[in-house]
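Down below is the structure, laid out as structure tokens.
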Amino acid sequence: MAKDKILITGGTGYIGSHTVVELFNAGYEPIIIDNLSNSNIGVLDGIKAITGHTVIYENIDCKDYNSLERFLEKHPEIVAIAHFAASKSVSESVENPLLYYRNNIVSLLNLLQLMPKFNIKNIVFSSSCTVYGQPDKLPVTEESPIKPATSPYGSTKQMCETILQDYAFANKDINVILLRYFNPIGAHPSGEIGELPNGVPNNLLPYITQTAAGIRKELSVFGNDYNTPDGSCIRDYINVVDLAKAHVVALNRVIEGNNKKNIEIFNLGTGSGLSVLEIVTAFEKATGVKLPYKIVGRRPGDIEKVWADTSYANKELGWKATETLEDTLRSAWNWQQKLVEKNLATTNG
Ligand code: WQD
């Protein structure tokens, strides 16, 4: 029996590639389009090493309506889309807002415009806890107020959620699930795929592992004067494989018609918050590697603390993050060491 085909936009990226692996494991046939603007074609080898599958891939930019349409014409069996393709750096979005509005909004609009033409009824969207801004009350639930975004990146996530909500309201036969990620970290336990940021990492974990590998001199901790127990910012760090598995559950839900409304929203976190300094200490304990760091000034746009109330996803999706922080940090370190072995540790310096 032919396997259900799922289109993974941005499927050579960090979360996309881990989701491709879990979809193969679940018996689906994921197919990837990605313009490689922030990822590496070598990821396909990693996916093959883990799953044995050579995944169908084409270099397509979702902003290019015509090539997207031609691709969908070639794959009429697609039953759902998991849309990851987007620019995702908070700091880059502040410097180059138009790149973010064009890339993140136009890509989504093209997909939504083409879905009815190819009878694709289901889309799972990669959203972010960034849409909450700095919550007044913690932990955040899916009903927590959406506050003004603190960056163009955050604005694009909020705008895409609004577009999807209006689209779902106007098209009752379309099923939408918005997945609000907290902070994805770690790598597949095989060490074959993981986070591979271009240039100097913005995010905490890749900066930590590159520091541990001696690629970076020391970690800069952006502020220890916040209103938190140790003064550093608090986030909800979720294992990327746990996150990928949540996408399989969400795709199953809409493909099998088990969704209760034609647009649903879920927080995907662990439900607990950890500070930057706690992550540093936990990394040193999990890996035995001493991590040089210094305290510097706050990073503009950073919020002080956020972590998820995951009870709705736990109950409705029957999904829960299960990987331990220790195993997650070890997986990140294992991946970094493999990158160094393959001399792939950093791209563009
Ligand atoms: C985490 C904490 C920093 C680097 C953003 C987006 C989110 C998602 C993940 C895409 C903060 C501190 C970091 C460093 C540090 N994006 N830090 N030194 O900003 O919480 O979330 O990236 O999927 O949508 O909003 O993640 O990893 O950049 O920062 O002290 O060198 O680590 O101040 O408190 P963030 P992050």
Side-chain angles (χ1 to χ4, degrees), residues 10 12-18 34 36-40 42-43 46 84 86-96 99-100 126 128-130 151-154 181-188 191 193-223 232-240 243 274-284 286-287 289-303 325 328-349:
T12 56
Y14 175 37
I15 302 161
S17 56
H18 286 81
D34 198 305
L36 302 182
S37 59
N38 191 23
S39 57
N40 185 303
V43 165
F84 295 96
S87 304
K88 63 163 199 170
S89 161
V90 172
S91 51
E92 184 188 43
S93 78
V94 174
E95 286 147 35
N96 195 344
L99 180 142
Y100 274 68
S126 166
S128 166
C129 62
T130 307
S151 70
Y153 162 77
Y181 310 158
F182 283 69
N183 285 57
I185 60 170
H188 191 270
I193 55 174
E195 194 167 5
L196 186 57
N198 281 341
V200 180
N202 283 302
N203 292 137
L204 179 63
L205 238 298
Y207 206 104
I208 284 180
T209 57
Q210 288 189 13
T211 302
I215 296 162
R216 307 290 166 199
K217 181 170 162 291
E218 62 188 345
L219 170 72
S220 298
V221 173
F222 297 139
S232 62
C233 292
I234 294 175
R235 296 288 186 276
D236 183 333
Y237 294 96
I238 176 171
N239 179 289
V240 65
L243 190 60
L274 287 169
S275 74
V276 177
L277 292 172
E278 284 174 317
I279 291 287
V280 170
T281 307
F283 180 84
E284 291 180 325
T287 62
V289 177
K290 188 87 187 92
L291 200 75
Y293 71 87
K294 65 181 175 187
I295 304 292
V296 298
R298 295 182 174 193
R299 179 173 68 173
D302 269 342
I303 56 166
L325 176 67
T328 302
L329 295 172
R330 282 209 185 108
S331 71
W333 179 227
N334 177 48
W335 162 245
Q336 181 68 60
Q337 290 175 295
K338 295 246 182 186
L339 286 175
V340 172
E341 283 160 26
K342 290 184 239 177
N343 197 20
L344 259 177
T346 60
T347 51
N348 321 323

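- Without hydrogens or angle criteria, Ser331 side chain to Ala187 main chain gives a donor-acceptor distance under 3.5 Å.
- No donor-acceptor pair closer than 3.5 Å links the side chain of Thr209 to the backbone N or O of Ala332.
- By the 4.5 Å heavy-atom criterion applied to side chains, Leu274 and Leu325 are counted as neighbours.
- What you find for Val43 and Ile193 is that their closest heavy atoms are O-CG2, 4.1 Å.
- Remark: side-chain polar atoms of Asp34 are paired, donor with acceptor, to backbone N or O of Leu36 under 3.5 angstrom.
- Take Lys290 and apply the salt bridge (Lys or Arg N to Asp or Glu O under 4.0 Å) test, not counting sequence neighbours, and it matches Glu284.
- A side-chain donor-acceptor contact under 3.5 Å links His18 to the backbone of His188.
- Taking the side-chain hydrogen bond (donor to acceptor under 3.5 Å, both in side chains) definition, one finds that Ser126 meets it with Tyr181, sequence neighbours left out.
- Scored by the ring-ring contact (aromatic ring centres under 6.0 Å, His included) test, Tyr237 finds no partners at all (sequence neighbours excluded).
- In this view, Tyr14 satisfies the side-chain hydrogen bond (donor to acceptor under 3.5 Å, both in side chains) rule with no residue, not counting sequence neighbours.
- Residues satisfying the side-chain hydrogen bond (donor to acceptor under 3.5 Å, both in side chains) criterion with Asn38, sequence neighbours excluded, are Asn198.
- Annotation: side-chain contact (heavy atoms from CB on, under 4.5 Å) contacts of Ser220 (sequence neighbours excluded): Phe222, Lys294, Val296.
- In this structure Ala213 satisfies the side-chain contact (heavy atoms from CB on, under 4.5 Å) test together with Ile215, Trp333, Gln336, Val340, sequence neighbours excluded.
- In terms of the side-chain contact (heavy atoms from CB on, under 4.5 Å) criterion, residue partners of Pro292 (sequence neighbours excluded) are, by chain and number, Thr211, Glu218.
- In this structure, the side-chain contact (heavy atoms from CB on, under 4.5 Å) partners of Ser151, at least two apart in sequence or on a different chain, are Val90, Ser93, Val94, Tyr153.
- Contact detail for Ala286 and Leu329: the closest heavy-atom pair is CB-CB, 4.3 Å.
- Taking all atoms of both residues into account, the shortest heavy-atom contact from Pro184 to Ile15 is CG-CD1, 3.6 Å.
- In this structure, the side-chain hydrogen bond (donor to acceptor under 3.5 Å, both in side chains) partners of Ser91, at least two apart in sequence or on a different chain, are Ser89, Asn202.
- Residues satisfying the salt bridge (Lys or Arg N to Asp or Glu O under 4.0 Å) criterion with Arg330, sequence neighbours excluded, are Glu326, Asp327.
- Inter-residue side-chain proximity for Leu219 and Leu204 is flagged as met; some heavy-atom pair is nearer than 4.5 Å.
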